[in-house]
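These notes are about the structure you will find just below.
Per chain, numbering begins at 1; letters A, B, ... match sequence-line order. What's counted below: heavy atoms across the whole structure, side chains too, no hydrogens, waters or symmetry copies.
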2 protein chains.
Amino acid sequence: MASRPTLKTIADQVGVTVSAVSLALRDDPRISQATRERIQQAAQVLGYVYNRHAAGLRRGDSGTVAVCLNDLSNPFFTEFLGHMEARFREADRMMLFCHAHETPSIQARFIRQMAEHGAAGLILVPVAGTTREDLDGPQVKHLQDFPLVLISRDVADTGFDRVINDDVLGIRLLFEHLYEAGHRRFAWLGGGGDTSTARDRESSFRQQMDAVGLPVTSDSIHHGPTTLDFGDSMLKQLLAMPEPPTAIICFSDIIAFGVLAACYRHGVRPGVDISVTGFDDMAAAAYSAPALTSVRVRTDLIGQCASELLLSRMAGERYPPVRKVVPPELVVRASTGPAA
Amino acid sequence: MASRPTLKTIADQVGVTVSAVSLALRDDPRISQATRERIQQAAQVLGYVYNRHAAGLRRGDSGTVAVCLNDLSNPFFTEFLGHMEARFREADRMMLFCHAHETPSIQARFIRQMAEHGAAGLILVPVAGTTREDLDGPQVKHLQDFPLVLISRDVADTGFDRVINDDVLGIRLLFEHLYEAGHRRFAWLGGGGDTSTARDRESSFRQQMDAVGLPVTSDSIHHGPTTLDFGDSMLKQLLAMPEPPTAIICFSDIIAFGVLAACYRHGVRPGVDISVTGFDDMAAAAYSAPALTSVRVRTDLIGQCASELLLSRMAGERYPPVRKVVPPELVVRASTGPAA
DNA sequence: TTACATAGTTCAATCGATTGAATAAATGCA
DNA sequence: TGCATTTATTCAATCGATTGAACTATGTAA
């Protein structure tokens, strides 16, 4: 019956004006200690709930942060989500969340909606194929000068802050590890999507092959989605080749797990008969059978760095766009070994 | 420089009043086709962005939905998140997201904040140990009569809607499968937390043991966190027992994966030397080495049902609190086999 | 005592969209 | 032509918090 108490309710109760209540509740020193306490007390008793719509309307934004990801089924991305959520919670920011499923229209809609909500900043793993135009074009005026940090995937020529993994380095580390172990027949699996991640990792692989004088043929490059199933089904195909690869470099851990599962069924021993590597080093990599050699992407550093950057932009800091590249680390486990 | 256009900006441009613009943009039939089009056109050109603070202030709520989970590192929960996100997106609802990390204070704060934001509904996986008081007590007045659906974990005696998995049935299916395969020495791993899930699964295990006349001793029950590491480290301990179990029933897939990893290292063959079962049937269960026998929790059905329920409550539907229990399915794979 | 600073509080305008009531204009009908 | 009805639009109040300016007691210095 009694609708939600407002500043007015409290003001009447205590015998002051709404202004006094507003100031008191935000601990403004202009209000005396004594009244402030009486007001806060009354708010407590009445079960007052702050109305952010009213505040946001007056102040212009809600302080909310928006986050948009593309693949919730990949723990790699939920790790990001976790790290950023923690930082934003610490800064007392609420989070609007969107799962864009690699769908440009969903991403576009979310960007519009978060603007409607008066979000104060946006963290985005851009949908595959996102262009400068999508973020910087005329139909997204609200993103001009808007705090926006891109993570994980880069979009060229944007004036936005970006925090990404050094994918080129990651593949180099894996390749050198395998090359030094004597491997000469390599296969690359994955990364079909139109993302900087896919491009950079694959081109780094090609570059490494070039550097040691190995030819890159259609037998060495295989595109497919980032799924367990892709890795699983590819193994059979690779083994059926006249000269099967001795080392399989996968675009991500997920694909590598699929390969390991197929190895198990085919009685092929990863790390002995064949070497398999992942990328991302998600938690499960240490516990697969066998444990997976991978490249640890520092989701913690990237997530922290991105949220820090966003918060500083939200605080009004002005500096040229930052492009931060975080180096990953090689983690050698049992899925790789010397070439047979 | 030019600040965001408002209804007024458009009104001036077109030569009508804000009321007309407001109505036109929401396709109200009161405004003629012709003016409506001119207005919508102008809005487009000016790059108008709807201000939900203003609308929310006037209307009383923002239509936003709040979702609070506890373990992002567990794909089981992110599956829920995905299913619900999809349904809410379809209903054009934005999602406020919180990761409570099993921490009551975070959960409590989120509940307050989502109320401040004028969220219209809440989906909650209650933090372990959440009581009726936490959701129904005097300090959360705003939850009285508020659309709230609990998922996955039950909280007794609340007047809220709940959608949960039939954990008792799930364990029964696994137990019967193993018992019929000849197993008589069972170990239960996991579920240390104070949740209905942990309680129901464990008590179902005890019940099954009772039913077939097997004693439950301290050797058969082992509590620990839902982590890969717990499963991994427990295996060694179990094998060291004078009469090791032939079947290990894990609280969740995560723990089972840890057990499988340890099996691999110890040269124990799951499905042959020992049987291991998970619970949840997350995507990776089909691809572990060996593939994991598990119980498929219908995160899709639960997620859909919960979002549907919430949306109907948000639409004002009144009916007694619903407690929906969704039956899971047994999925037999290679990690279980006849008792040695 | 007068003038003045200071602390504490109130005034009143403001943010932008919504909506029921009011008005104006156009149409139908006898 | 006059009156009722429908259609199109405007009026004006409203939601609740914020904030710079204004006011009112006090205390303080000259």
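- Among residues two or more places apart in sequence or in another chain, the side chain to side chain donor-acceptor pair (under 3.5 Å) test is passed with A:Arg109 by B:Asp92.
- Taking 4.0 Å as the cut-off between side-chain N and carboxylate O, B:Asp157 and B:Arg132 do not count as a salt-bridged pair.
- Going from atom CD1 of A:Ile39 over to atom P of C:dG8 covers 13 Å, rounded to whole Å.
- Atom-to-atom, CG of A:Leu57 to C1' of D:dT19 comes out at 14 Å; the value is rounded to the nearest Å.
- In summary, A:Lys324 and A:Asp161 do not engage in a salt bridge, as defined by a charged side-chain N under 4.0 Å from a carboxylate O.
- Taking B:Arg36 as the reference, nothing meets the side chain to side chain donor-acceptor pair (under 3.5 Å) condition, with sequence neighbours excluded.
- The distance between atom NE2 of B:His117 and atom P of D:dG16, rounded to the nearest whole Å, is 17 Å.
- Remark: B:Arg313 fails to qualify as a cation-pi partner of B:Phe146 under the 6.0 Å distance and 45° angle criteria applied to the six-membered ring.
- Between A:Arg4 and D:dC15 there is no side-chain N or O to OP1 or OP2 distance below 4.0 Å.
- The shortest distance between side-chain heavy atoms of B:Phe88 and B:Leu311 falls below 4.5 Å.
- If you take NZ of B:Lys8 and C1' of D:dC11, they are 14 Å apart, rounded to a whole angstrom.
- Of all the residues in residues 47-54 of chain B, B:Tyr48, B:Tyr50, B:Asn51, B:Ala54 reach under 4.0 Å from DNA chain C with at least one non-hydrogen atom.
- With rounding to the nearest 0.5 Å, the separation of CG in A:Leu148 from OG1 in A:Thr158 is 8.0 Å.
- Annotation: salt bridge (Lys or Arg N to Asp or Glu O under 4.0 Å) contacts involving residues 95-106 of chain A, sequence neighbours excluded, comprise A:Glu102-A:Arg153.
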Can you check nucleotides 4-8 of chain D for protein contacts, nitrogen or oxygen pairs under 3.5 Å, and list what you find?
none

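- For B:Leu7 and D:dC11, the CG to P distance is 15 Å, given to the nearest whole Å.
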Return a table of donor-acceptor pairs under 3.5 angstrom between the side chains of residues 11-23 of chain A and protein atoms on other chains or two or more places apart.
unit_1  : atom_1 : unit_2  : atom_2 : d
A:Asp12 : OD1    : A:Lys8  : NZ     : 3.1
A:Asp12 : OD2    : A:Lys8  : NZ     : 2.9
A:Ser22 : OG     : A:Arg26 : NH2    : 2.8

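- The salt bridge (charged side-chain N to carboxylate O under 4.0 Å, His left out) search around B:Asp61 returns none, not counting sequence neighbours.
- Across the protein-nucleic acid pair, B:Ile10 atom CD1 and C:dT18 atom P stand 11 Å apart, rounded to whole Å.
- In this view, B:Arg87 and B:Glu90, B:Glu308 satisfy the salt bridge (charged side-chain N to carboxylate O under 4.0 Å, His left out) rule, not counting sequence neighbours.
- For D:dT14, its base sits under 3.5 Å from the side chain of B:Arg58 at one donor and acceptor pair at least.
- Take B:Asp71 and apply the side chain to side chain contact (heavy atoms under 4.5 Å, CB included) test, not counting sequence neighbours, and it matches B:Ser73, B:Asn74, B:Phe77.
- In this structure, the CD atom of A:Glu116 is 20 Å from the P atom of C:dC15, given to the nearest Å.
- Defining each end axis of the helix from C:dT1-D:dA30 to C:dA30-D:dT1 as the rotation carrying four pairs' C1' atoms onto the next four, with five pairs an end, the two axes are found to diverge by 50° to 10 degrees.
- Taking atom CG of residue B:Asp61 and atom C1' of nucleotide C:dA17, one finds them 14 Å apart after rounding to whole Å.
- Taking the side chain to side chain contact (heavy atoms under 4.5 Å, CB included) definition, one finds that B:Ala54 meets it with A:Leu57, B:Asn51, sequence neighbours left out.
- Sorted by residue number, the members of residues 16-24 of chain B with any non-hydrogen atom under 4.0 Å from DNA chain D read B:Val16, B:Thr17, B:Ser19, B:Ala20.
- Residues B:Val325 and B:Asn165 are not in side-chain contact: their nearest non-hydrogen atoms beyond the backbone lie 4.5 Å or more apart.
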